[in-house]
2 protein chains.
Amino acid sequence: MMRRVTSFDVAARAGVSQSAVSRVFSGASASKATADKVREAADALGYRPNVLARSLITGRSRIIGLVVAYLGNPFYPDALERFSRDLQEEGYHTMVFTVPEGAGEVDTDRIIQQMLDHQVDGIVLASVGLGDALAARCEAAGIPVVLFNRGQAGSGLAQVTSANRLGGAKVADFLFSGGHLRIGHVAGWQGSSTGRDRTEGFLERLAALGRDCVGVEDGRYDHAEAVRAADLLLAKDVDALFVGNDHMAFAVMDHLRSTLGLSVPGDVSIVGYDDVPMASFAAYDLTTVRQPVGRMVKTTVIALINQIEDKSAQAEVTEIDGPLILRGSARIPEGLQ
Amino acid sequence: MMRRVTSFDVAARAGVSQSAVSRVFSGASASKATADKVREAADALGYRPNVLARSLITGRSRIIGLVVAYLGNPFYPDALERFSRDLQEEGYHTMVFTVPEGAGEVDTDRIIQQMLDHQVDGIVLASVGLGDALAARCEAAGIPVVLFNRGQAGSGLAQVTSANRLGGAKVADFLFSGGHLRIGHVAGWQGSSTGRDRTEGFLERLAALGRDCVGVEDGRYDHAEAVRAADLLLAKDVDALFVGNDHMAFAVMDHLRSTLGLSVPGDVSIVGYDDVPMASFAAYDLTTVRQPVGRMVKTTVIALINQIEDKSAQAEVTEIDGPLILRGSARIPEGLQ
DNA sequence: CGTGATTTTGCACACCTATGCAAAGCCTTG
DNA sequence: CAAGGCTTTGCATAGGTGTGCAAAATCACG
C-alpha cells in the first residue's frame, strides 16, 4: 500500500511551498505561473487534497445529513435519489440517517449526536413522521436545517413543502364539479402539518362551495389505518374519497375493489396526493395532486446551501404549487374532459 | 459559537495527560482510576471525540459508500433503508452515491474519486446496472467491496445474491405442475448476472421437465422494454409468463389487463421475482420468488465488515435461498392449494 | 529610476487525535 | 527486601491541510 501523495510532495516537485499548493487547490489567490507548476506536478503525482484534513481545519465537512424514517412510501426514495444527485452536483455528499419506527427520545438524541460527530454542514429532515424535538435539537446545535415536505409553524426553521392547502382546495373543486354528493376524506396524519394543511384546504373550499364533508377519518399515512378509515366512511355511504396521500389511496382502492367488490370510479371516486410514479400505473390510474419532487428538492438544496454559506441568511418558508393530475380513478367533470 | 471541547480540556480537568483521555475513548488499556476520572470530566464538559481528527490519523472513516443507480424499483429503497439501519448498529455510516442513468466512464471515475476522497472504509455496489468497470476500479483502489444483488464471475469479489438459478428453477417447476403448455419468459437484463442466472435456472429446469420455452425476450429491467417483450411473446400465444423481476411484472400485468383486456391468471399466468412489498397489493397479488432482503443485507454488512477488519479475509460468494410466494397472478397446481 | 501600492510567497502554527517509546508504577515471587 | 515482569502513563510526534503574518516580489506611475 503506497503512501498517500501529500501537498508537500507536490510542493517539492513544483519547487514551491506547501502553502502555495494549498492555495491553488482551495481557490485562493495565486499567480498564473505557480498555479500552472502546481497543477502539473499534482497531475504527475496523482495528488488529491485530503478531504479529512481539510474538513478538520476548516470545520466544514461538505456532508449533508439526510434524515428519513420510512422509505416504503415511494415518494421518499424518489426524493432521496434526487437529493443525492443534486447535492453531488453542488459538491456536497449525502449521509443517510434512518430513524427507527418508534422514534424515542433516546434514538433521536443518538442520531443528532452522530450527525454532530461527523460535523455535518447541514441537515435535511425528510419525513413527516419526525417529531418536532428532533428539529428543535438540530437547530439548537447550530446546524442549518431545512424541513422537507414537513412544516412546523412558528419554529423559525426553513421549510419546503408543496402548496398543501391549495392542493386540498383543488381536490374539493374537482370533486364538487364532478357532481359528487357525498364526499368523504381519509386524512393524512393530523399530527403532521402536511396532513392538516391538506385537510383544512379541502374542507374550507368544500364549505365555501356550500357542501359538507360527510366525514373525516385520520389514516395516519398507514396502509391498515387507511383501510380502517375508509370502512368507517363507506358506512356513511360516500360516493367520493379524498385520500391524504397516494400510498394510502392504493390501499383504499385495493380494499374497495378486491375486498368489497366496489367499482372505482363507478361506485366511489378516489383522489390521492403526491403523484408518485405508481399512480400512473394502469392498475390504479390514480387522479392525484402532484407534488413536484424535482423542484421541491432543488429548492431545499438551494435553501440549505444558502444557510450554510451565509449563516445570517433568512430561513425561508417555501411552498411549491403542483397541478391536479386527471386520471381514471375519479369521475371527470363534463367541461374538463 | 463556542470552541469545541478537546481531549486537552478533558485531560486538564481530570488531571491526566491528553493521551490518557485518548486511550480511554479509543478503548485502549487504562487503569480503572484514570478511566473514571476521565469519563467524569468528559461528561461534565460534554466532550465527544472528534471523528474527523480520529479518521485522519487512523485512516479509517467508519463510512461505507453505498452506490445505487435506480431507486424506482422498490427493491432498492427497501435494501437501502436496511443498510443504513444495520450499518448504524455496527457503528458505521452510509454515504449514498448515485450513478447517473448513462453511467459513462467519466461519471464512474468521478464517483470512485469521491469515495476515495472521503476515505470510505468499504463499498457496497447495490445495483444490477453498474458496469464491471466500477467494481474493478474499487477493487484496484484497495477498498473492500461487496456486490449486492449482483454477481461477477471470476472477479474474486465478495458478492451476495439470492439463489437466482434455483429461484428460476422453482418457477419452472411451479408453472409446469400448473399445467401450462406454452410458457414464455420476459427475462431480466441479460447483461447482468442476476438476469442471466434466473433465466438459465428457469430454462434448464424446464428442459429437464421435457418442456420447451416458447420464447425468451430481454426486458432489461425496464417498464417499456418489458411491455415490448411481452407483446412479442403474446404473439406466440403463451399461457404463462415468467417475468425477470416484480417491477417489470407489474408493467406486464397492467399491459395485459388494461391495454389488451386479457385476464390474469385466466388467460395468462404471471410470475415475478423479488417479492417487493407492492407484490402483495391486491391490485397485483403477484406470485413471485422472494428475495430475502433482510438476510441479504445483513450478510452483506457482515461480509464487508469482516473484510474491513481483517484485510486478509476471503471474499465470499453467498447465495441466499428464498421461497416462491403463491398468490393470485398464476394458476396454482392442484396439490399445492 | 525611485517610490508607494498591491500582489504573491513562505514560514510557522493550528486543527485534534492516536500511538511508539521510554520512564515510572505496580505486582509477583524467590 | 530485591529482582524481574507486566501495566500504566506522559512525552513527543505524526497525520495533511488551511491561514495570519510579514517578507519578498511585482506593478503602476511620475
Side-chain angles (χ1 to χ4, degrees), chain A residues 1-39 41-42 45-63 91 113 116-121 308-309, chain B residues 1-39 41-42 45-63 91 113-114 116-121 309:
Chain A
M1 199 61 187
M2 228 167 21
R3 215 185 89 265
R4 269 188 79 100
V5 183
T6 79
S7 53
F8 281 98
D9 303 331
V10 178
R13 172 157 181 142
V16 297
S17 74
Q18 178 268 335
S19 15
V21 179
S22 168
R23 276 190 262 262
V24 169
F25 277 90
S26 57
S29 67
S31 73
K32 178 95 167 57
T34 49
D36 287 345
K37 280 191 294 186
V38 166
R39 272 187 223 291
L45 297 175
Y47 168 75
R48 304 224 76 205
N50 185 321
V51 174
L52 265 53
R54 178 177 279 183
S55 298
L56 176 60
I57 196 169
T58 59
R60 330 187 72 204
S61 60
R62 297 195 80 83
I63 295 178
Q113 207 38 269
L116 289 177
D117 284 353
H118 282 275
Q119 301 193 26
V120 161
D121 284 348
I308 291 172
E309 294 179 351
Chain B
M1 198 62 189
M2 227 169 19
R3 214 183 91 266
R4 270 187 81 99
V5 310
T6 77
S7 53
F8 281 99
D9 303 332
V10 178
R13 173 160 181 140
V16 296
S17 72
Q18 177 268 334
S19 13
V21 179
S22 167
R23 276 189 262 262
V24 170
F25 276 90
S26 57
S29 66
S31 73
K32 177 93 168 56
T34 50
D36 286 345
K37 281 192 291 186
V38 166
R39 274 189 220 290
L45 297 174
Y47 169 74
R48 301 225 79 204
N50 185 322
V51 175
L52 265 52
R54 179 176 279 184
S55 298
L56 176 59
I57 195 169
T58 59
R60 331 188 69 203
S61 60
R62 298 195 77 84
I63 295 177
Q113 209 36 271
Q114 291 174 5
L116 289 178
D117 284 352
H118 283 273
Q119 302 192 27
V120 162
D121 283 348
E309 294 179 351

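In this text the structure is predicted, and so the values were computed from the model without any measurement. Numbered from 1 within each chain, the chains take letters A, B, ... in sequence-line order.
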Readout for nucleotides 13-26 of chain D: B = base within 4.0 Å of protein heavy atom, S = sugar-phosphate only, - = neither; 5' to 3' it is -BBBBBBB------
Does any N or O in the side chain of R62(B) come within less than 3.5 Å of the main-chain N or O of G91(B), such that one atom is a donor and the other an acceptor?
yes
Students should find this one: the first and last nucleotides of DNA chain C, 5' to 3', lying under 4.0 Å from a heavy atom of chain B. What are they?
dC16(C) to dG20(C)
What contact category does S55(A) fall into here, base, sugar-phosphate, or nothing, at under 4.0 angstrom with non-hydrogen atoms?
nothing
Return the set of residues passing salt bridge (Lys or Arg N to Asp or Glu O under 4.0 Å) with R48(B) (not counting sequence neighbours), or none when no residue passes.
D117(A)
Suppose we screen for salt bridge (Lys or Arg N to Asp or Glu O under 4.0 Å). Which residues come up paired with D9(B), at least two apart in sequence or across chains?
R3(B)
Interatomic spacing from CG in L56(A) to CG in N50(B) - rounded to 0.5 Å:
6.0 Å
Which residue pairs pass the salt bridge (Lys or Arg N to Asp or Glu O under 4.0 Å) test when at least one of the two sits in residues 15-33 of chain A, sequence neighbours left out?
K32(A)-D36(A)
Classify the side-chain pair S19(B)/S22(B) by whether it contains a donor and acceptor separated by less than 3.5 Å.
no
Using 0.5 Å steps for rounding, measure from the CD atom of Q119(B) to the OG atom of S61(B).
7.0 Å
Residues passing the salt bridge (Lys or Arg N to Asp or Glu O under 4.0 Å) test with R60(A), sequence neighbours excluded, are none
